[in-house]
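Notes follow once the structure below has been shown.
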Protein chains: 2
Amino acid sequence: MVSNQTKISPEFIQNAARVLKTLGHPDRIKIVEFLEDGEKTVGQIHRDLNMHQPIVSQHLKVMHDRDIVTFRQEGTRYFYSLANNFITKILNCMSEVQAKLDSGEWDFEFSIPNN
Amino acid sequence: MVSNQTKISPEFIQNAARVLKTLGHPDRIKIVEFLEDGEKTVGQIHRDLNMHQPIVSQHLKVMHDRDIVTFRQEGTRYFYSLANNFITKILNCMSEVQAKLDSGEWDFEFSIPNN
DNA sequence: GTATTATATAGTAAAATTACTATATTTCCA
DNA sequence: TGGAAATATAGTAATTTTACTATATAATAC
């Protein structure tokens with residue numbers, strides 16, 4: 001499946017690493033998942049996901065730097081949304097994996113490391 | 001596409017975050033990509049990818065802790081391989097994204113942040 | 001047995017991330 | 001005009017990650 005595909009370029013590896021690392025935080029995954037539903041204000045994220053407001057702003061800033069989210073400003077409110085298909089693609093992967101785990105099609109089990 | 005799928009569980013978010021964060025390092029992406037070709041010894045990785053041997057061992061240890069790779073020992077050599085379908089799935093996503101970027105189907109461009 | 005090969009592990013300094021508190025800025029409304 | 005609401009930003013201590021050097025361990029070859 002994978003072996004006969006295009007060689008991944010060094011630039012892509014760098015960018016992919018940045019995006020994957022950025023996505024590698026529970027809060028940010030939650031935020032991104034929430035944004036799949038459509039654009040949201042900082043306050044909506046802050047209240048609905050029960051996170052401190054500065055934390056939300058901080059995460060959004062990081063994700064904006066990495067081109068994961070964009071925003072439009074309207075008065076005092078900032079409406080954030082997902083920036084590109086890459087992110088949706090990754091999330092689709094995650095959802096598919098989740099579905100297969102749920103259905104028992106895969107018996108793979110993450111372990112909690114003890115160190 | 002995504003909106004009507006199963007809600008991602010909190011446990012999955014935690015695990016996904018761990019795996020994504022671990023994969024979010026250029027060297028580890030290279031190693032994982034190399035392992036797609038089949039099991040490899042530490043020395044092969046170290047020489048073929050031109051990384052310091054302790055660095056390779058360190059990355060492999062981290063990825064083993066996260067169930068991204070497994071290994072079998074034969075004499076003094078350790079043969080590492082990818083541990084599960086989750087990783088291949090993520091890599092497939094990355095490859096697909098790469099292909100679409102290469103073909104121009106997507107005009108998305110990562111930016112290099114200046115901070 | 002001794003050197004060599006292959007790999008893991010220990011130790012560590014520098015850098016990055018995280019979570020948090022406090023505060024500044026902007027806009028809106030009474 | 002003055003205050004409240006929404007959000008960004010600054011500052012910071014604790015933790016984690018990273019990259020590196022040195023060394024330990026175990027198997028093998030001579």
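Any value given below was found using the heavy atoms of this structure, including those in side chains, with hydrogens, waters and symmetry copies removed. Values in this document were obtained by computation on a predicted structure and should not be read as measured data. Order of the sequence lines fixes the chain letters, A, B, ..., with proteins taken first and strands second; residue numbering starts at 1 for each chain.
Of the listed nucleotides (dT18(C), dT9(C), dA6(D)), dA6(D) has the atom at the smallest distance from the side chain of Thr76(A). Checked against dA8(C), dT18(C), dT21(C), the side chain of Pro54(B) finds its nearest nucleotide in dA8(C). Residue Tyr80(B) places its side chain closer to dA8(C) than to any other of dA19(D), dT7(D), dA8(C). Distances from the side chain of Ser57(A) to the nucleotides dT7(D), dT17(C), dT7(C) place dT7(D) closest. Distances were taken from every side-chain heavy atom of Asp27(B) (C-beta onward) to each of dT9(D), dC20(C), dA19(D); the shortest belongs to dA19(D). Distances were taken from every side-chain heavy atom of Arg77(A) (C-beta onward) to each of dT7(D), dT18(C), dC20(C); the shortest belongs to dT7(D). Side-chain proximity of Val42(A) to dT7(C), dA8(D), dT17(C): nearest is dA8(D). Ranking dA8(C), dT18(D), dA19(C) by closeness to the Gln58(A) side chain, first place goes to dA19(C).
The cationic atom of Lys40(A) (NZ for Lys, CZ for Arg) does not lie both less than 6.0 Å from the six-membered ring centre of Phe79(A) and within 45° of the ring axis.
The phosphate of dT16(D) (OP1 or OP2) has no side-chain N or O of Lys21(B) nearer than 4.0 angstrom. The side chain of His59(B) places no N or O atom within less than 4.0 Å of a non-bridging phosphate oxygen (OP1 or OP2) of dT17(D). Distances shorter than 4.0 Å separate none of the side-chain N or O atoms of Tyr78(B) from OP1 or OP2 on dT5(C).
Between the CG atom of Leu60(A) and the P atom of dA8(D) there is a distance of 7 Å, given to the nearest Å. Computed from coordinates, the Asn50(B) CG to dC20(D) P distance equals 12 Å when rounded to whole Å. Taking atom CG of residue Leu23(A) and atom P of nucleotide dT18(C), one finds them 12 Å apart after rounding to whole Å. In this structure, CE of Met51(B) is placed 15 Å from C1' of dC20(D), rounded to the nearest angstrom. Whole-Å rounding puts the His52(B) NE2 to dA8(C) P distance at 17 Å. Going from atom CD of Gln53(B) over to atom P of dA19(D) covers 16 Å, rounded to whole Å. Between Arg47(B) atom CZ and dT7(C) atom C1' the separation is 11 Å, expressed in whole Å. We find that CD1 of Ile55(B) is positioned 14 Å from C1' of dG11(C), with the value rounded to whole Å.
Across the interface with DNA chain C, nearest-nucleotide mapping of Val56(B) and Gln73(A) shows Val56(B) to be the residue nearer the 5′ end. Ranked by how close their nearest DNA chain C nucleotide is to the 5' end, Gln44(B) and Gly24(A) are led by Gln44(B).
When hydrophobic clusters are built by joining Ile, Leu, Val, Met, Phe, Trp and Tyr residues whose side-chain heavy atoms come closer than 4.5 Å, directly or via intermediates, Leu82(A) is grouped together with Phe34(A). Both Met63(B) and Met51(B) belong to a common hydrophobic cluster when Ile, Leu, Val, Met, Phe, Trp and Tyr are linked at side-chain heavy-atom distances under 4.5 angstrom.
For the pair His46(A) (side chain) and His52(A) (backbone), a donor-acceptor distance under 3.5 Å is absent.
His46(A) comes within 4.0 angstrom of nothing in the nucleic acid, heavy atoms only.
Here His25(B) and His59(B) bring their ring centres to under 6.0 angstrom of each other.
Atoms OG1 and CD, from Thr41(B) and Glu74(B) in turn, are 10.5 Å apart once rounded to the nearest 0.5 Å.
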